[in-house]
Every structure is written in C-alpha cells, then in structure tokens.
Amino acid sequence: MTNRLTEIRNAAVNVLKQKFQRVYSGRGFAPAQSQLPCVVVYVDSRRTEPETFDSPPIYRQTVRLVTLVCVQANTGADELAEEMLSVVQQAFVEHPDLGIDGLENLVPDLLNIGSDDSGEAVTVYYQQGWQAIYFDTAV
C-alpha cells in the first residue's frame with residue numbers, strides 16, 4: 001500500500017505532467033541547466049491533530065505540498081516563472097483534490113523566491129506551498 005504522502009505527491013506530479021514537459025518528484029532533485037525550465041514537487045510537512053476521540057480516533061492531517069518552479073536566470077526569468085506558477089495554480093484549480101478520495105482542496109500558502117549560482121548558470125527558484133487536508137485513523 002502506498003503511503004498517503006507519496007500518493008499526494010505522485011498525484012500532483014501526474015496532474016502537472018499534463019501541463020509541463022519536465023516535472024520531477026522529490027526534494028533532493030537539483031535540475032541541471034539542460035533540464036530547465038522545470039517543476040519539482042515534494043511534500044514539505046504534515047501536521048497531525050486529533051479530530052475525534054472515537055475508537056479508533058480520527059486525525060486531521062494537514063499536508064504542505066511544494067511546487068518548485070526552476071528557470072534559468074535571464075532577462076525573461078521572472079516572467080517565465082510567474083507564467084509557470086499561473087499554470088500550476090490553474091492545474092490545481094481544475095483538479096482541487098488531485099483525484100484522491102478524501103483529499104480536501106489545495107490552498108496556496110507562502111511563496112518564496114530565490115536563486116542559486118553554484119551551477120553552470122544562475123537558476124531562479126519560485127517555491128510555492130500548497131496546503132491540503134485529509135482525515136485518517138492512523139497517526
């Protein structure tokens with residue numbers, strides 16, 4: 001059986017692969033310049049809170065899914081990254097539960113923008129968080 005976090009990440013990757021040529025899964029992925037532009041998808045965190053104290057108890061799981069838009073820094077980098085972010089948002093609006101039974105709508109949260117100059121060229125990163133909620137009987 002697939003872990004629920006893996007299921008959510010994989011579902012997000014599948015939705016985004018309908019919109020982008022290069023979508024990668026996993027936080028540890030560092031795309032080479034030849035792999036840009038791309039979107040990297042990973043789960044950043046999960047918060048667990050008791051929802052009911054029935055037997056078995058039901059837990060509210062709040063998951064933070066992250067989409068990391070990566071583009072090569074140049075004069076059009078910000079415009080390209082912002083356009084890609086817009087496509088990601090539209091894809092998640094079209095598939096608010098990612099096709100997963102019991103997953104509540106994804107809601108965007110914090111957007112971080114940064115860059116890295118340690119590779120072949122400078123890469124600009126737009127990191128968009130998305131929160132989703134599901135209920136489970138396991139912690």
Side-chain angles (χ1 to χ4, degrees):
M1 181 175 179
T2 304
N3 179 292
R4 192 74 162 163
L5 298 179
T6 302
E7 180 183 13
I8 292 168
R9 184 186 67 238
N10 290 345
V13 166
N14 290 335
V15 164
L16 294 177
K17 280 187 175 181
Q18 297 171 21
K19 305 287 183 181
F20 297 104
Q21 181 179 358
R22 292 188 272 295
V23 180
Y24 304 103
S25 175
R27 173 193 309 255
F29 186 81
Q33 292 298 311
S34 63
Q35 297 168 314
L36 298 179
C38 71
V39 179
V40 180
V41 179
Y42 58 91
V43 172
D44 187 57
S45 65
R46 180 185 71 192
R47 186 176 67 241
T48 303
E49 302 172 64
E51 183 71 14
T52 70
F53 294 99
D54 300 338
S55 182
I58 297 175
Y59 296 95
R60 174 188 174 106
Q61 309 282 359
T62 304
V63 176
R64 185 167 186 266
L65 180 73
V66 175
T67 56
L68 184 67
V69 170
C70 309
V71 298
Q72 183 173 351
N74 57 35
T75 55
D78 288 332
E79 290 81 7
L80 175 59
E82 289 164 9
E83 179 182 330
M84 290 175 70
L85 281 174
S86 177
V87 171
V88 168
Q89 181 172 352
Q90 183 60 39
F92 287 168
V93 165
E94 292 171 4
H95 304 277
D97 61 1
L98 301 175
I100 297 175
D101 187 39
L103 186 70
E104 294 189 7
N105 292 354
L106 291 170
V107 178
D109 68 3
L110 188 62
L111 171 67
N112 291 310
I113 302 169
S115 63
D116 179 12
D117 62 357
S118 64
E120 304 160 18
V122 177
T123 302
V124 176
Y125 299 100
Y126 279 62
Q127 180 190 49
Q128 175 71 66
W130 297 87
Q131 286 196 1
I133 296 171
Y134 66 93
F135 296 89
D136 201 350
T137 56
V139 177

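Positions are given from 1, in the same order as the sequence printed here.
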Are [X] and [Y] grouped together when hydrophobic residues (ILVMFWY) are joined by side-chain heavy atoms under 4.5 angstrom apart?
X: V124; Y: V23; result: yes
X: W130; Y: I113; result: yes
X: V40; Y: L36; result: no
X: V66; Y: Y125; result: yes
X: V43; Y: L68; result: no

Quick check: do [X] and [Y] have side-chain heavy atoms less than 4.5 Å from each other?
X: I8; Y: Y134; value: yes
X: L65; Y: D44; value: no
X: E51; Y: Y59; value: no
X: E94; Y: K19; value: yes
X: P96; Y: L106; value: no
X: V122; Y: D116; value: no
X: T137; Y: P57; value: no
X: T123; Y: V71; value: no

Show which side-chain atoms of residues 72-89 pair as donor or acceptor with protein atoms under 3.5 Å away, not counting sequence neighbours.
residue	atom	partner	partner atom	Å
N74	OD1	G76	N	2.9
N74	OD1	A77	N	3.1
D78	OD1	Y126	OH	2.7

Exercise. Of all heavy-atom pairs between L103 and A132, which one has the smallest distance, and what is that distance?
Worked result: CD1-CB, 3.6 Å
For this session: Taking all heavy atoms of R46 and all of L5, pick out the closest pair and write down the distance.
Result: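 Of all heavy-atom pairs spanning R46 and L5, the closest is CD-CD2, 4.0 Å.
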Distance from [X] atom [atom1] to [Y] atom [atom2], nearest 0.5 Å?
X: Q90; Y: F92; atom1: CD; atom2: CZ; result: 12.0 Å
X: K17; Y: Y24; atom1: NZ; atom2: OH; result: 9.0 Å
X: N14; Y: S25; atom1: CG; atom2: OG; result: 9.5 Å

Exercise. Ignoring hydrogens and geometry, is there a side-chain-to-backbone donor-acceptor pair from T62 to I133 under 3.5 Å?
Worked result: no
Problem set entry | Donor-acceptor contact present, side-chain R22 to main-chain Q35, <3.5 Å |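 At least one qualifying donor-acceptor pair exists.
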For this session: With side-chain contact (heavy atoms from CB on, under 4.5 Å) as the test, would you mind laying out the steps for H95 and Q18 before giving the verdict?
Result: CA-CA 11 Å; H95 304 277; Q18 297 171 21; 3.9 Å; yes
Problem set entry | R60/E104 salt bridge by N-O under 4.0 Å criterion |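 Salt bridge: no.
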Exercise. Do the charged groups of D136 and R4 touch, with an N to O distance under 4.0 Å?
Worked result: no
For this session: Would you please name every residue forming a side-chain hydrogen bond (donor to acceptor under 3.5 Å, both in side chains) with N112, sequence neighbours left out?
Result: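 Partners of N112 under the side-chain hydrogen bond (donor to acceptor under 3.5 Å, both in side chains) test: Q127.
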For this session: Test the R9-Y42 pair against the cation-pi criterion, namely NZ or CZ under 6.0 angstrom from the six-membered ring centroid and within 45° of the ring axis.
Result: no
Problem set entry | Candidate pair Q128 and T67, rule side chain to side chain donor-acceptor pair (under 3.5 Å), full reasoning | CA-CA 5 Å; Q128 175 71 66; T67 56; over 6 Å; no
